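Each remark here refers to the structure printed beneath this line.
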Amino acid sequence: MHTVTDIPERWSQASVYPDMWADPDEDPRNSDGASPDGELETLQEFLRDYRLTLQMKCEGLDPEQMARRTVPPSTMSLLGLVRHLAEAERDWRNWIVPGDPAPKLYGARDADFDGAVAEQALVEGAFADLAREQAATDAALAEYADLGTRVGRDGNSVRELWVHRIEEYARHCGHADLLRECVDGRVGQ
């Protein structure tokens, strides 16, 4: 018996491993060769891979799908996550860059999620904001070769900032998995 439902059917484009997002040979997060040698290089690789994961979870969606809040009562959407992570990158940079903090990108409190509406220009702007803020925070942290260096008003170590960034992306990639599955049934790693 087949019942009508608004829940999307699960699917994957992978052929070798049907439950995976992409086949291992086609996954941009898989690198051939040895893993990184140093601590900083390891942190950078993990962050790069989580950033790619978020990007992959958003690929192929139109503005309505990007802005769709698929897990009520949460205001979270894939577009909201992109905007939130752009805001988070700016916040991390504000912790270490001297002077007055840069203003919020989207407004106070939950404006990054609340303002995530289905408009192509808004989606494009969010991805541009994220890329710009990632590059600026990467550049600010690149000034510190010693991961034990204490920075900013709170005296956080550079290592702590790298790990916190990885944790934030990892947590939200888990959210992105669920949001994307609710949008169109696509599942995977």
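Source: prediction; values computed, not measured.
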Any chance you could lay out the side-chain hydrogen bond (donor to acceptor under 3.5 Å, both in side chains) test for Q120 and E124, step after step, and finish with the verdict? CA-CA 6 Å; Q120 185 64 38; E124 291 169 7; 3.0 Å; yes
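The backbone N or O of Q134 lies less than 3.5 Å from no partner atom in the side chain of T137, so there is not a single donor-acceptor pair. Judged by distance alone, with hydrogens and angles left aside, the side-chain atoms of R69 form no donor-acceptor pair with the main-chain N or O of S77 at under 3.5 Å. In this structure, the side chain of E181 does not engage the main chain of L178 through any donor-acceptor pair within 3.5 Å. Remark: side-chain polar atoms of D62 are paired, donor with acceptor, to backbone N or O of E64 under 3.5 angstrom. Distance alone, capped at 3.5 Å, is enough to place a donor-acceptor pair between the E87 side chain and the L105 backbone.
Distance check: D154 CG to L161 CG gives 9.5 Å after rounding to the nearest 0.5 Å. Distance CG/L78 to OG1/T70: 7.0 Å, rounded to 0.5 Å. Between I166 atom CD1 and E45 atom CD the span is 10.5 Å, to the nearest 0.5 Å. The distance from atom CD of E167 to atom CD of E160, rounded to the nearest 0.5 Å, is 11.0 Å. To the nearest 0.5 Å, atom CG of residue L43 and atom CG of residue L147 are 6.5 Å apart. Annotation: the span from R180 atom CZ to L81 atom CG amounts to 13.0 Å, rounded to 0.5 Å.
V123 has its side chain out of reach of E119: every pair of non-hydrogen atoms, C-beta onward, lies at least 4.5 Å apart. The side-chain heavy atoms of L47 and D49, taken from C-beta on, include no pair separated by under 4.5 Å. Side-chain contact between D114 and Y106 is absent, with no heavy-atom pair separated by less than 4.5 Å. Taking 4.5 Å as the limit, every side-chain heavy atom of M76 sits out of range of all side-chain heavy atoms of V71. By the 4.5 Å heavy-atom criterion applied to side chains, N156 and W95 are counted as neighbours. In this structure, the side chains of L54 and H172 stay at 4.5 Å or more apart for every pair of heavy atoms. Side-chain contact between L122 and L79 is present, with heavy atoms from C-beta onward closer than 4.5 Å.
Within the cation-pi definition used here (under 6.0 Å to the ring centroid, within 45° of the axis), R83 does not qualify as a partner of F113. Judged by the 6.0 Å distance and 45° axis criteria, R159 is not positioned over the aromatic ring of W162.
Closest approach of C58 and V82 over heavy atoms only: SG-CG2, 4.1 Å. Scanning all heavy atoms of the two residues, the minimum distance from V97 to A140 falls at CG2-CB, 4.3 Å. Pairing each heavy atom of L130 with each of A86, the nearest pair is CD1-N, 3.5 Å. Considering all non-hydrogen atoms of both residues, G148 and S157 come closest at O-CB, 4.2 Å. Taking both residues in full, the closest heavy atoms of A67 and A118 are given as CB-N, 3.6 Å, listed atom of the first, atom of the second, then distance.
Between Y169 and W92, the ring-plane angle classifies as tilted under the 30° and 60° cut-offs.
Applying the salt bridge (charged side-chain N to carboxylate O under 4.0 Å, His left out) test to E133 and every residue at least two apart in sequence or in another chain returns R90, R93. The ring-ring contact (aromatic ring centres under 6.0 Å, His included) check on Y144 picks up nothing, with sequence neighbours excluded.
Between E41 and R48, no side-chain nitrogen of the basic residue sits less than 4.0 Å from a carboxylate oxygen of the acidic one, so the salt-bridge criterion is not met. Looking at K104 and D91, a side-chain N of the basic residue comes within less than 4.0 Å of a carboxylate O on the acidic one, giving a salt bridge. Electrostatic pairing of R165 and E89 counts as a salt bridge here, judged by a charged N lying under 4.0 Å from a carboxylate O.
Applying the 6.0 Å contact sphere to CZ of F127 captures more than 12 heavy atoms from other residues, nucleotides or ligands.
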